[in-house]
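What follows is a set of notes on a single structure, which appears directly below.
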Amino acid sequence: MACGVVIFAVAIPVAQSVHDSFVVRAPKVIDFTPLSFIKVFDLGLHEAVAAIRWVSLRSDMPLVPDGYEKLDYEIRLINSLDPRFSQPYYFSTIVLPEIQKHPYRVQAAVEVGKRGVRLSEPDWRVPFYLGAVNHVYLRDRGEAAKYFDLAAQTTGIPESIRRFSLGYGIAPKSRGEMKEIWLAIEAGANDKDTKKRAEMHIRHLEIIELLQDAVSTYREETGSFPSAVEDLVKEGFIAEVPKSPFGLNFFIYEGGLIGIKPLSSG
Amino acid sequence: MNSIWVIAKNTFKEAIRDRILYGILGFAVFYLLTDLFFARLALGDVSMVKSFGLAGIYVCGVVVTVFLGASVLYKEIESRTLYFVISKPVTRAEIVLGKFFGLFAAIALTISAMAAIYLGVVGYEAREFDMLGLLAILFELFEMGFFVALLLFFSSFASPLTATIYSSILLFSGHLLELVLENAAQIGGITLRLVSGAYYILPNLEKFNIRGLAAHHTMISWPVGISVFVYAVAYSTLLLYFAIICFKRREL
């Protein structure tokens with residue numbers, strides 16, 4: 001009995017190994033499985049097929065083993081099988097720009113991200129990473145602002161990320177440019193929601209501007225920075241602390257810069 | 001009514017005694033537990049865990065239904081137990097209906113067992129009770145009910161293998177109708193009219209597929225839920241009616 005088990009335990013792996021070493025294999029051809037073919041045979045289990053294909057693609061993505069065309073095709077295929085499945089969108093958006101073997105990596109990432117914004121289930125990571133790609137790789141602050149704002153509106157976004165998204169472009173050196181961007185968005189907006197969001201951002205930036213000016217005047221008159229925005233009211237530099245259109249609190253950094261924090265953090 | 005109940009009870013008992021059922025159920029349990037491993041690969045994305053689990057329940061449910069449903073009448077004829085039943089004051093309609101309810105109950109029990117494991121896995125991974133997943137499983141059960149009726153209809157005049165092949169073809173085509181209609185819309189003309197006719201006549205099984213919605217936290221509306229239930233009941237009733245007619249005409 002034991003002898004039989006040993007023979008099998010040895011014979012099977014040896015036979016497998018010999019077969020693999022000597023077998024003549026057909027040249028590998030990249031398989032572009034048509035979407036309709038999968039849909040015909042998967043009995044409506046598109047989501048499960050998309051999930052399984054995605055797990056396999058995700059691990060291969062950085063290596064691009066079958067070329068970038070196949071990679072782009074697979075991402076599109078998974079998106080088509082399950083358009084609401086958010087992970088392929090945000091993962092591809094943030095990873096693709098770093099894949100050196102892909103000649104059009106940033107364009108591909110933006111394309112996947114935009115598709116995700118249009119089709120995916122609400123997931124803050126899709127617009128947020130698209131905003132990040134626009135900022136880091138394309139230096140397009142207008143598009144970045146638009147997508148960060150979209151991420152900030154998505155349910156389930158962590159408070160720190162929401163604050164980051166709403167605070168995009170509030171630093172003194174970029175505040176003017178950001179205001180111009182939101183003014184342009186407001187002027188060109190066709191729908192009420194975009195117009196309203198642009199107005200909120202403009203108001204938000206104007207409040208920061210107002211508070212920053214008051215801090216500068218305070219410094220000139222007293223020789224030190226105020227420790228809180230309420231000090232500006234107490235000392236009569238402003239009548240009241242304006243309310244943030246995004247429900248945020250304002251605070252003052254040690255160097256006198258205005259910052260934002262969630263209302264709940266006091 | 002009493003005869004239907006007695007036949008259903010016996011069919012149910014016979015079905016749950018079938019060893020094939022336990023084989024498939026064992027495989028389903030193993031598959032659903034591998035969902036825990038899949039969850040590690042999903043990087044916290046619960047929608048992937050749900051898609052994988054709901055697909056497993058569906059596929060195993062279809063396999064169980066085919067194994068139990070295709071031979072249910074044939075076995076009775078082969079073992080000649082049906083002659084004994086027919087000699088009693090029982091109509092053939094009652095036999096078909098009893099078989100349907102008994103088989104459906106056995107399949108519902110199997111799917112309930114798989115659903116319990118699925119809910120346990122999702123509850124463990126997502127710390128939530130997957131109400132939408134449960135609804136998707138209920139819709140899968142509607143589809144299985146339809147599929148049992150379809151198998152009984154084909155079994156009423158064909159051999160188990162033929163009934164399985166016919167039912168499987170209708171199962172695949174039932175999930176394809178929307179895709180075919182989309183393609184026909186691009187061609188237009190007479191093709192579109194023919195396909196549109198087939199679209200409304202043939203069973204459209206994609207109606208029962210809300211797995212994608214459940215995986216992505218999208219609720220269906222009441223009218224959709226009710227229309228799917230009515231569709232399942234109406235189509236199954238129609239198939240059972242034809243199954244009864246065919247079975248009545250069958251010479252035993």
Side-chain angles (χ1 to χ4, degrees), chain A residues 33-62 75 77-95 115-126 128-129 154-158 161, chain B residues 31 34-35 37-63 66 132-133 136 139-140 143 147 168-180 182-183 186 204-219:
Chain A
T33 321
L35 174 67
S36 52
F37 181 81
I38 298 171
K39 283 188 171 177
V40 166
F41 291 104
D42 74 355
L43 276 175
L45 302 169
H46 309 329
E47 296 78 21
V49 175
I52 292 164
R53 281 189 95 114
W54 169 243
V55 167
S56 155
L57 179 71
R58 194 183 59 198
S59 54
D60 281 350
M61 193 182 270
I75 296 169
L77 184 77
I78 290 162
N79 295 160
S80 307
L81 280 171
D82 188 358
R84 296 188 196 87
F85 183 17
S86 63
Q87 198 182 89
Y89 297 115
Y90 68 74
F91 190 94
S92 305
T93 303
I94 205 68
V95 170
R115 198 159 56 232
V117 167
R118 210 172 62 244
L119 303 170
S120 168
E121 65 180 325
D123 188 329
W124 64 269
R125 285 167 288 201
V126 180
F128 185 81
Y129 292 161
T154 312
T155 320
I157 184 170
I161 308 286
Chain B
Y31 176 89
T34 60
D35 210 8
F37 166 71
F38 195 67
R40 304 280 84 77
L41 297 173
L43 302 179
D45 191 335
V46 187
S47 74
M48 288 167 78
V49 180
K50 289 179 182 176
S51 305
F52 195 68
L54 291 172
I57 293 173
Y58 177 73
V59 172
C60 293
V62 167
V63 175
V66 168
L132 280 170
F139 274 47
E140 286 182 355
E143 187 174 339
F147 200 44
S168 303
I169 290 169
L170 272 175
L171 184 74
F172 274 99
S173 64
H175 283 284
L176 275 182
L177 285 177
E178 287 178 12
L179 189 68
V180 175
E182 270 174 36
N183 289 324
Q186 288 172 7
N204 182 355
L205 302 182
E206 272 299 292
K207 283 192 195 316
F208 303 109
N209 180 7
I210 60 158
R211 288 179 288 272
L213 297 176
H216 298 299
H217 303 98
T218 311
M219 190 62 191

Find the distance between [atom1] ([X]) and [atom2] ([Y]) and round it off to the nearest 0.5 Å.
{"X": "S47(B)", "Y": "E47(A)", "atom1": "OG", "atom2": "CD", "value": "9.5 Å"}
{"X": "E206(B)", "Y": "H46(A)", "atom1": "CD", "atom2": "NE2", "value": "5.0 Å"}
{"X": "F91(A)", "Y": "D45(B)", "atom1": "CZ", "atom2": "CG", "value": "12.0 Å"}

(message) Is E121(A) close to chain B through its backbone or its side chain, or both, or neither, when contacts mean heavy atoms under 4.5 Å?
(response)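 Contact with chain B: side chain only.
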Contact part of [X] toward chain A, heavy-atom cut-off under 4.5 Å: side chain, backbone, both or neither?
{"X": "F208(B)", "value": "neither"}
{"X": "L179(B)", "value": "side chain"}
{"X": "V59(B)", "value": "side chain"}

(request) List the atom of A48(A), the atom of S51(B), and the distance in Å for their closest heavy-atom pair. (result)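 Reported closest heavy-atom pair: CB-O, 3.7 Å.
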(request) Pick out which of D42(A), V40(A), L43(A) makes a side-chain contact (heavy atoms from CB on, under 4.5 Å) with F172(B). (result)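 Option passing the side-chain contact (heavy atoms from CB on, under 4.5 Å) with F172(B): L43(A).
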(message) So which residue, A51(A), P122(A), S36(A), G44(A), ends up with the most heavy-atom pairs under 4.5 Å with chain B?
(response)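 Ranked by contacts with chain B, first place is G44(A).
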(message) Below 4.5 Å, heavy-atom pairs only: which of L205(B), L171(B), L43(B) has the largest tally toward chain A?
(response)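 Counting heavy-atom pairs under 4.5 Å, the top option is L43(B).
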(message) Using modelled atom types and a 3.5 Å cut-off, is there a donor and acceptor pairing between side-chain atoms of R58(A) and backbone atoms of L41(B)?
(response)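 Present.
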(request) Would you check if there is a donor-acceptor pair between the side chains of H216(B) and D82(A) at a distance under 3.5 Å? (result)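 Looking only at side-chain atoms, H216(B) and D82(A) do form a donor-acceptor pair, the distance falling under 3.5 Å.
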